[in-house]
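Working notes for the structure below.
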Amino acid sequence: MSASGGAPDRVVAWMIDPHRVLVAWDIAAATRVRTLRRLGARARHATPALRLASSAAAPPVEIAADAASHVLDAAPVGRWAVEVGFRLADGGFAVVARSDTSGNPVPDEPASVTWVAATRPTVPVAYAWSGRSVPSEPAPERDRPGASDANVR
Amino acid sequence: MARATVAVVLHAHLPWVDPDDEDDTLESRWLLDALTDCYLPLLARCEALAADAIPVRFVCSLSPSLLAQLAHPTLPARYARHLDRLDAFLDDERRRLHGSALGPVVEWQRARLASARIAFFERHGGDLLGAWRRVAASGVLELWTTAASHAVLPLLTPGWARTQIELGQVIFRRHLGIEPAGFWLPECAYAPVLDEPLLDAGVRLVVLDTHGVTGATPRPVFGAHAPIATPAGLLAVARDADGSRQVWDAQTGFPGDPWYLDHHADVGWTRGQDAMPVPPGGAPIGIRYHRVTGGDGPKAPYEPEPAAARVAAHAATFVGRAAWRAAELAAQMDRPPLLVYAFDAELFGHWWAEGPSWLDAVMRALATHDGLEARTPSDDLLQHRVVQRATPAASTWGAGGHLSTWLSPTTAAGQAALAACAADVVQLVAGVSPSDPVAPAVAAAVGHVVQAQASDWPFMVTRDTSAPYGRRRLDVHLAAARRLVDAVRTGAPPERADLGDERSFPMLDLSDRWRTMLLS
């Protein structure tokens, strides 16, 4: 059970933007102790950490013992989750709790231009596109103010 | 070639503040200030455009929580008391400032309040919902709605996202008696996972921030200036970032002009307690005497006539820039460009006093323009029915274009608690049938989670604007939902206050419809 009582230990993770993941957790001290006991001698020098679990291996990131959230610099692709646990001296990682698995599906459209009629459902149509196009616009900068900040000075 | 479309999309939203719980608090007066500053002036401009048969159309999205507050039976009495207080305050100010440079501004403020009183009580009979319905029927305005409590939908599980979308539409129909003509994504927050719930709810088109479309896969050949269709069939249009910035940016936008009324120089910060209950340290009361002025020196008194001249100039600048941009784009495109300008409606009148006049001037200029036409995105699609297929990028109109405004270290604990509570309530829903005696308590718990999901609370915390209130509202709804969950699990009677009544927001039952949605 969690430190706040009632609910089971939980890890929640959301992508803030394409390069960062916010992780928050509520894990009871007893759960951590149980994990360390199970590790036996491997628990010596174990440090609190979290890591991104996805198809690409990511090194664990150390976290403060009393932390309850962390912003992870990561750009997960495909299916991913975040695991909170301990980094072990032998290079291993012991999982205490894991977030639900999320997915960042990679769009599977062809690179070619497809035109559709704006009906429901949309259906591909022949369209005599001249090949003209509008130049790309840069993606917004991370610290760019947003329109939702219009009234904040 | 056909004219380019200028699509103005306004989004009107205030978080639900229950007047039965919070009578005469600062937060309960947000709506009353917005009536005087924004909603009544915008309605007046729409009525004038319709009366003058100006051939323009634009969009206004009305959030369910705003509609519920406009429909509240105590609103006319509360608004009358509010105006009475301000009138009494301005009577005192008239004597205090007689003969000073601020004397004429006091008279201007008195006239503004008198105009609001006449509009609300005499022209609309206290029925703002009817007023919105009438301007929609006139054809000037296309009314949209949004998620029930204005939740950032990509943060929710599919079941909660479906509930927010469909409940928002139900509340709109309940209050206005008409179908919403479109759906505004709260905070323009989009992720491809939303296509299915949106389409299932009958939503055909959404507005994204610029990079949601320009960052789509494959890259749309006409950039942000033509609609695209997702593989699932949802249509998306993009805000014109640079054009929109002219209006909303507090530093470089039109509202910062030295001749415009300075929203932040509110008399309430120094003399608010003479008008109405305000917290220690003062708070805005909606009365301002000074113009932006500029520089670090003292503020100059507001003068309506020079401000009106600036409105005309800024409307001409905006339309001229749109025409230049449309001509530039037309040379690169096979169809007339679509320029979407989307804003919070409260910017017009509340944050930018001259905003409604500016919008009126822009619409009248567009009506006679050779190269531009004021239409809605849906109107544009009726004329140009072939669009490119592409998957939009996850995006919002918040800082950085993503979710950092709502997902930050300061909001992490609250968001995690909300996610946990929402999961527990769904678990409860799964085990209760609509005829179960505890169904009302479970429905009330769903309602509290819906309210806790409002984008407003984490925004207030991250941006430190009314942060204690944002924190309190999240805590209050989560605590109520938790008490209801515990009561149902243990068989204890739920607390009466947690159940709400027929005036509570968002009012939903535990019919099969909502159960199916939440469990999806």
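All chains are named by letter (A, B, ...) in the order of the sequence lines, taking the proteins before the strands, and each is independently numbered beginning at 1.
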Under 4.5 Å from any heavy atom of chain B - which part of [X]:
| X | answer |
| --- | --- |
| A:Val116 | both |
| A:Val134 | both |
| A:Ala128 | backbone |
| A:Ala68 | neither |

So for atom [atom1], which belongs to [X], do other residues, nucleotides or ligands contribute more than 12 heavy atoms lying within a distance under 6.0 Å?
| X | atom1 | value |
| --- | --- | --- |
| A:Asp100 | CG | no |
| B:Gln246 | CD | yes |
| B:Arg385 | CZ | yes |

For this session: Would you please name every residue forming a salt bridge (charged side-chain N to carboxylate O under 4.0 Å, His left out) with A:Arg98, sequence neighbours left out?
Result: A:Glu83
Does any backbone or side-chain atom of [X] lie under 4.5 Å from a heavy atom of chain A? Answer side chain, backbone, both or neither.
| X | answer |
| --- | --- |
| B:Ala342 | neither |
| B:His225 | side chain |
| B:Thr210 | side chain |
| B:Ile228 | neither |
| B:Arg219 | side chain |
| B:Leu382 | neither |
| B:Asp209 | side chain |

Report yes if the side chains of [X] and [Y] come closer than 4.5 Å at any heavy-atom pair, otherwise no.
| X | Y | answer |
| --- | --- | --- |
| A:Trp129 | B:Asp334 | yes |
| A:Trp115 | B:Arg389 | no |
| B:Gln332 | A:Pro135 | yes |
| B:Leu403 | A:Trp14 | no |
| A:Val71 | B:Pro409 | yes |

For this session: With a 4.5 Å cut-off on heavy-atom pairs, point out which of B:Leu155, B:Leu199, B:Val247, B:Val387 contacts chain A the most.
Result: B:Val387
Exercise. Taking B:Ala331, B:Ala423, B:Ser244 one by one, which has the highest count of heavy-atom pairs under 4.5 Å against chain A?
Worked result: B:Ala331
Roughly how far, to the nearest 0.5 Å, is [atom2] of [Y] from [atom1] of [X]?
| X | Y | atom1 | atom2 | value |
| --- | --- | --- | --- | --- |
| A:Ile16 | B:Ser408 | CD1 | OG | 8.0 Å |
| A:Ser133 | B:Gln388 | OG | CD | 10.0 Å |
| A:Thr122 | B:Leu234 | OG1 | CG | 10.0 Å |

Can you see which heavy atom on [X] is nearest to which on [Y], and at what distance?
| X | Y | value |
| --- | --- | --- |
| A:Val113 | B:Val221 | CG2-CG1, 3.7 Å |
| B:Met333 | A:Arg132 | O-NH2, 2.8 Å |
| A:Arg120 | B:Gly202 | NH1-CA, 4.3 Å |
| B:Arg204 | A:Ala118 | NH2-O, 3.3 Å |

For this session: Going by the side chain to side chain contact (heavy atoms under 4.5 Å, CB included) test, name the single residue among A:Val21, A:Leu22, A:Asp17 that passes it with B:Leu407.
Result: A:Leu22
Exercise. Where along residues 412-419 of chain B does a heavy atom come under 4.5 Å of chain A, listed by residue number?
Worked result: B:Ala412, B:Gln415, B:Ala416, B:Ala419
For this session: Identify which of A:Gly131, A:Ala13, A:Pro18, A:Pro121 forms the greatest number of heavy-atom pairs closer than 4.5 Å to chain B.
Result: A:Pro18
